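By convention in this document, chain letters (A, B, ...) are assigned in the order of the sequence lines, proteins followed by strands, and residues within each chain are numbered from 1. Computed from a predicted structure; not experimentally measured.
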2 protein chains.
Amino acid sequence: MAEKKLDVETRIEKVWERRDEFLALNPAGTVPVLEVPSGPVLSNSSAITEYLEEVHTEPGLLGRDPASRAETRRLVGWFDEKFHYEVTELLVYEKITKRLLSLGEPNSAAIRAGNTNIHVHMDYIAWLSEDRRWLGGDDFSLADIAAAAHLSCIDYLGDVPWDEHGRAKDWYARVKSRPSFRGILGDHIPGYPPPKQYADLDF
Amino acid sequence: MAEKKLDVETRIEKVWERRDEFLALNPAGTVPVLEVPSGPVLSNSSAITEYLEEVHTEPGLLGRDPASRAETRRLVGWFDEKFHYEVTELLVYEKITKRLLSLGEPNSAAIRAGNTNIHVHMDYIAWLSEDRRWLGGDDFSLADIAAAAHLSCIDYLGDVPWDEHGRAKDWYARVKSRPSFRGILGDHIPGYPPPKQYADLDF
């Protein structure tokens, strides 16, 4: 939304509380949910991003032709599904969710798996950015946003092996320096401060 | 694709074999993959369906305006994510995948969970179809296709409690009678025949 220069007010929702008022907005009980002023209440991240693309067309964040758009959507799926299950879910659940909800000690085997799996994804980012300016092609797109969203969560935990993946680091440095990314880098989880280099443009 | 009257030749891919030729088409190693003649190779089901909507616009399967399209996409997410994790994955993995790949005996607790969870989804289908002709609105859409795709897998196992969910059954009977659904009802897993009523229009 910042890329499209759309104003948005963000609110924290503790989804695990399953509040009735929130379930009335989205019976699936998940975030994100977007309330459009004098418009619909939207949920599901793909439904929201596609809506924003249709209603606020500039700048386009999917690509210029159907094949490029398919490639962007494939990569969004890669990060929101594959990276999510292989990395984000393991590390964030073990290190953050368990602590927030007092669900016991982190499982070190799960953390090891997440820390191992991330290397394949860093290599994939490097491979994609070898021939392309951005992950989905020549233009910055939702593919970069999806990848950077997941990586920034892992970076908040201090678990991204930047030193071993210079090319992926170069790509992330370019994402991080975009004005649209500044608000995200300022977000903090109460009681769980990020490592020093998290918001640093020179990391 | 049958709704759009597009010819397609289907091929079986045993994804667990992780064939190099297949990984070259889709490095995520998942189905579906669509090879467009003289066009791109597409993967990820959302990327494929959105591509087909953009290139073959009639009949539209998402809805007529941005809000309707967001509602369709939300429901596709509901079935492909929520129904998938709460029902399909549990039952299909325990009953089919384990048998196909010799992964041991089915876990009866997982099967019980899937058989319990399905009722909420049947109620949700009933609730949606109370005020709407189809799940996403007045027009048949990808929401109906996603829901019916998951339900037909569970129905193949004989695990859909139709008798307790008359309204959801009425909706499914209407999907089942569409010409586009016929090919799916003819699909069989070798060595695992479907129950008698699976392909029956009067079930």
Side-chain angles (χ1 to χ4, degrees), chain A residues 23 25-30 32-36 38-57 62-86 89 120-121 123-125 127-128 136-137 142-143 146, chain B residues 23 25-30 32-36 38-57 62-86 89 120-121 123-125 127-128 136-137 142-143 146:
Chain A
L23 293 175
L25 298 179
N26 177 17
T30 54
V33 167
L34 178 67
E35 296 185 89
V36 179
S38 318
V41 177
L42 306 175
S43 56
N44 182 287
S45 82
S46 290
I48 291 173
T49 52
E50 296 282 349
Y51 176 90
L52 294 172
E53 279 292 293
E54 292 182 2
V55 173
H56 305 280
T57 50
L62 274 169
R64 296 171 196 198
D65 58 89
S68 311
R69 297 159 70 82
E71 176 65 354
T72 302
R73 292 181 177 115
R74 177 184 78 81
L75 290 169
V76 170
W78 181 287
F79 291 100
D80 281 355
E81 295 160 28
K82 194 171 168 63
F83 189 101
H84 176 77
Y85 295 115
E86 295 176 358
E89 189 174 60
V120 173
H121 293 282
D123 288 341
Y124 193 49
I125 289 170
W127 183 80
L128 288 168
L142 287 168
Chain B
L23 293 175
L25 298 179
N26 177 17
T30 54
V33 167
L34 179 66
E35 294 185 89
V36 179
S38 317
V41 176
L42 307 174
S43 55
N44 181 286
S45 82
S46 290
I48 291 173
T49 53
E50 297 281 349
Y51 176 90
L52 293 172
E53 278 294 292
E54 292 181 2
V55 174
H56 304 280
T57 50
L62 275 169
R64 296 172 196 195
D65 57 89
S68 311
R69 296 159 70 82
E71 175 65 354
T72 301
R73 291 181 178 114
R74 177 184 76 82
L75 289 169
V76 170
W78 181 287
F79 291 100
D80 281 355
E81 295 160 28
K82 193 170 168 64
F83 189 102
H84 176 76
Y85 295 114
E86 295 177 358
E89 190 174 58
V120 172
H121 293 281
D123 287 342
Y124 193 50
I125 289 171
W127 182 81
L128 289 168
L142 287 168

Sorted by chain and residue number, the side-chain hydrogen bond (donor to acceptor under 3.5 Å, both in side chains) partners of B:S45 (sequence neighbours excluded) come out as none
Could you tell me which portion of A:R69 (side chain, backbone, both or neither) has an atom closer than 4.5 angstrom to a non-hydrogen atom of chain B? side chain
Taking B:L34 as the fixed residue, which of B:L52, B:T49, B:N26, B:L25 is the one that meets the side-chain contact (heavy atoms from CB on, under 4.5 Å) rule? B:L52
Return the set of residues passing side-chain hydrogen bond (donor to acceptor under 3.5 Å, both in side chains) with B:D80 (not counting sequence neighbours), or none when no residue passes. B:H150
Interatomic distance, A:T30 atom OG1 to B:R74 atom CZ [nearest 0.5 angstrom]: 9.5 Å
Which portion of B:P40 sits near chain A, non-hydrogen atoms under 4.5 angstrom: side chain
Heavy-atom pairs under 4.5 Å with chain A are the metric here; pick the option from B:A70, B:G39, B:S46 that has the most. B:A70
Under 4.5 Å heavy-atom distance to chain B, tell me which part of A:E53 shows up: side chain, backbone, both or neither. neither
